[in-house]
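These notes are about the structure you will find just below.
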Amino acid sequence: MLKNVLLLASGTGFAQLIPIVATPVLAKIYTPDMFGEFALFSTFLAVLSVFSSGKYELAIALPKKTKESESLFSLGLWIALTFSAILVIFVPVIQFGLTKYYGKENLDWVWLLPFSVLFFSIVNLSSYMLNRLNDFNIIAKLRVLQAALIAGTSIIIGLYGNSHGLILASVISGFLVSIVYVNRLKGHIHSSVKKFKELGSRYDKFPKFLIVGSLFNTVSSQLPVLMFSAMYGASIVGTIFLAQRVISLPSALISKAVGDAARQSLSEKIVYKSDAYSYFKYCTKNLFLIGLIPFSLAFFVGPILIEEFLSKEWSGIGTVIQILIPMYFVQFSVSSLSSVVIQLTERLKIDLVWQVSLFVTSASAMFLANKVYDSAYVTLLVYATVYSLHYFIAYLLACWFLKNVDENCSIHN
């Protein structure tokens, strides 16, 4: 497991380092308003992608037979292709609604959403399939490739004066990496309708419960973009987006790698009833200790350093970083593994309740904070506090689920 974590961490590390290094250059080419527009595009991409594969990618690690995992992978691909084709029909409706809500006319990027959703789904499904096949090397390499493509293309397009360069770079890189993934896994793609029906029915809890839960979770995580765009304008949204990018990319280095590598190990321990709770505690404890010093340094030193590299129009980014860092530390320590446990133990109804609660409390708290204080910083602080508390609740739920797994194992033994 350690070897897999190190391999994914090294690949993810290079992948995360690229946009961090490119950030000062991108911040000089693109204004906060342009980053705000890209944030809005990324948000709707994230929301629509919740539906795109039926959440069957999360079931790929569960079957004992690899052939069944391949069928779930193939089923997800066909659902994604169908969903993206249908989405094209509704683009004019989406564009009209966004124009009315945000009061913006230049929203032609909406037409790129169906293609981005498809490319995102292919990459996501392929990552889970390669994880099941223990092909961590190719996952690491392709993460680096995609990050390099996004950064390089964004800079090139931006230098030619295109204000949509960040969006176009995202679409182009998604397309190119999708081709590589499909070519790598073409021998694992099936088209058995009978098998699709059988496995789709067996794992129907994933689309039934996880789509709704993931929708609430995604919307909750994107509330600063969705609500701040209407409350405070594109400029503050762009500042928050860049701050999130600077903080979340390094924090994802190890937590995402551990989550990916531990998924299969946790799955096996849960299936075979083999001390899953102790393993989970061991992983989360190490993540906490690993993140303590870097996040502390980032809180005190990060704002000073980043404001040195950026122009005056990004002056509020230091404050935003300090508001968000505690939340990202909690996320780093417990979120990736807690969500894996909830999915693998199939406690999807409880997960749905948790996701709905996260959305309702976050949105309500932000709405009230805006009404009472009318301050973007105070509203963001309230959001980060509510989110941190929910991460901790998810951790407690994961511990409870795994204790039950281990206790059931002891009873049967």
Q: For Ser357 and Val353, indicate whether the former's side chain and the latter's backbone hold a donor-acceptor pair under 3.5 Å.
A: no

Q) Within a strict 4.5 Å, meaning less than it, do heavy atoms of the Phe216 and Leu358 side chains meet? A) no

Q. Of Val219, Val50, Val47, which is the lone residue that meets side chain to side chain contact (heavy atoms under 4.5 Å, CB included) with Ser214?
A. Val50

Q | Parallel, tilted or perpendicular, as decided by the 30° and 60° cut-offs, for the rings of Phe35 and Tyr30 | A | perpendicular

Q. Going through the distances and angles, do Ile139 and Tyr128 end up as a side chain to side chain contact (heavy atoms under 4.5 Å, CB included)?
A. CA-CA 9 Å; Ile139 296 175; Tyr128 278 94; over 6 Å; no

Q: With the side chain counted from C-beta on, respond yes when Leu397 and Asp351 share a heavy-atom pair under 4.5 Å apart, and no when they do not.
A: no

Q | Geometric class of the Tyr387/Tyr391 ring pair [parallel <30°, tilted 30-60°, perpendicular >60°] | A | perpendicular

Q | Modelled atom types, side-chain donor and acceptor of Thr379 and Tyr232, under 3.5 Å | A | yes

Q | 4.5 Å side-chain heavy-atom contact, Met366 and Phe228 | A | yes

**Q.** Value rounded to 0.5 Å, distance of CD in Glu37 from OG in Ser42
**A.** 10.5 Å

Q: Check the pair Ser229, Leu40 against side chain to side chain contact (heavy atoms under 4.5 Å, CB included), reporting the backbone distance first and the verdict last.
A: CA-CA 8 Å; Ser229 291; Leu40 203 57; 4.0 Å; yes

Q. Quick check: are there more than 12 heavy atoms from other residues, nucleotides or ligands sitting under 6.0 Å from NZ of Lys195?
A. yes

Q: Anything under 30° is parallel, anything over 60° is perpendicular, the rest tilted; go ahead and classify Phe41 against Trp109.
A: perpendicular

**Q.** Side-chain heavy-atom pair Glu313, Ser235 within 4.5 angstrom cut-off
**A.** no

Q.
Nearest 0.5 Å, please: how far is CG in Leu352 from NZ in Lys205?
A. 13.0 Å

Q) Considering only heavy atoms from C-beta outward, does the side chain of Phe392 approach that of Val334 to under 4.5 Å? A) no

Q: Inspect the surroundings of CZ in Phe115 and state if more than 12 heavy atoms from other residues, nucleotides or ligands are less than 6.0 Å away.
A: no

Q) Do Glu198 and Lys194 meet the salt-bridge criterion of a basic N to acidic O distance under 4.0 Å? A) no

Q | Nearest-0.5 Å distance that lies between atom NE2 in His190 and atom CG in Leu72 | A | 11.0 Å

Q.
Would Ser220 and Gln355 count as a side chain to side chain contact (heavy atoms under 4.5 Å, CB included) here? Give the steps.
A. CA-CA 8 Å; Ser220 298; Gln355 303 289 5; over 6 Å; no

Q) At what distance, to the nearest 0.5 angstrom, does OG of Ser49 lie from CG of Leu215? A) 11.5 Å

**Q.** Interatomic distance, Ile60 atom CD1 to Ser71 atom OG [nearest 0.5 angstrom]
**A.** 10.5 Å

Q: Could you label the plane-to-plane angle of the Phe38 and Phe241 rings as parallel, tilted or perpendicular, counting under 30° as parallel and over 60° as perpendicular?
A: perpendicular

Q) Would you say Gln322 and Thr319 make side-chain contact, with heavy atoms under 4.5 Å? A) no

**Q.** Nearest-0.5 Å distance that lies between atom CD in Gln146 and atom OG in Ser170
**A.** 7.5 Å

(Q) Checking side chain to side chain contact (heavy atoms under 4.5 Å, CB included) between Ser178 and each of Asn183, Val123, Leu118, which is the one that passes? (A) Val123

Q.
So Leu75 and Ile79, do their side chains get closer than 4.5 Å, heavy atoms only?
A. yes

Q. Centroid-to-centroid, Phe280 to Tyr395, below 6.0 Å?
A. yes

Q) What about Tyr56 and Phe206, are their ring centers closer than 6.0 Å? A) no

Q) Below 4.5 Å, heavy atoms only, C-beta onward: do Leu142 and Arg184 meet side chain to side chain? A) no

Q: Assess whether side chain to side chain contact (heavy atoms under 4.5 Å, CB included) is satisfied between Leu81 and Trp78, documenting all intermediate values.
A: CA-CA 5 Å; Leu81 184 62; Trp78 284 109; 4.0 Å; yes

Q | Pair Phe401 and Tyr277, ring centroids less than 6.0 Å apart | A | no

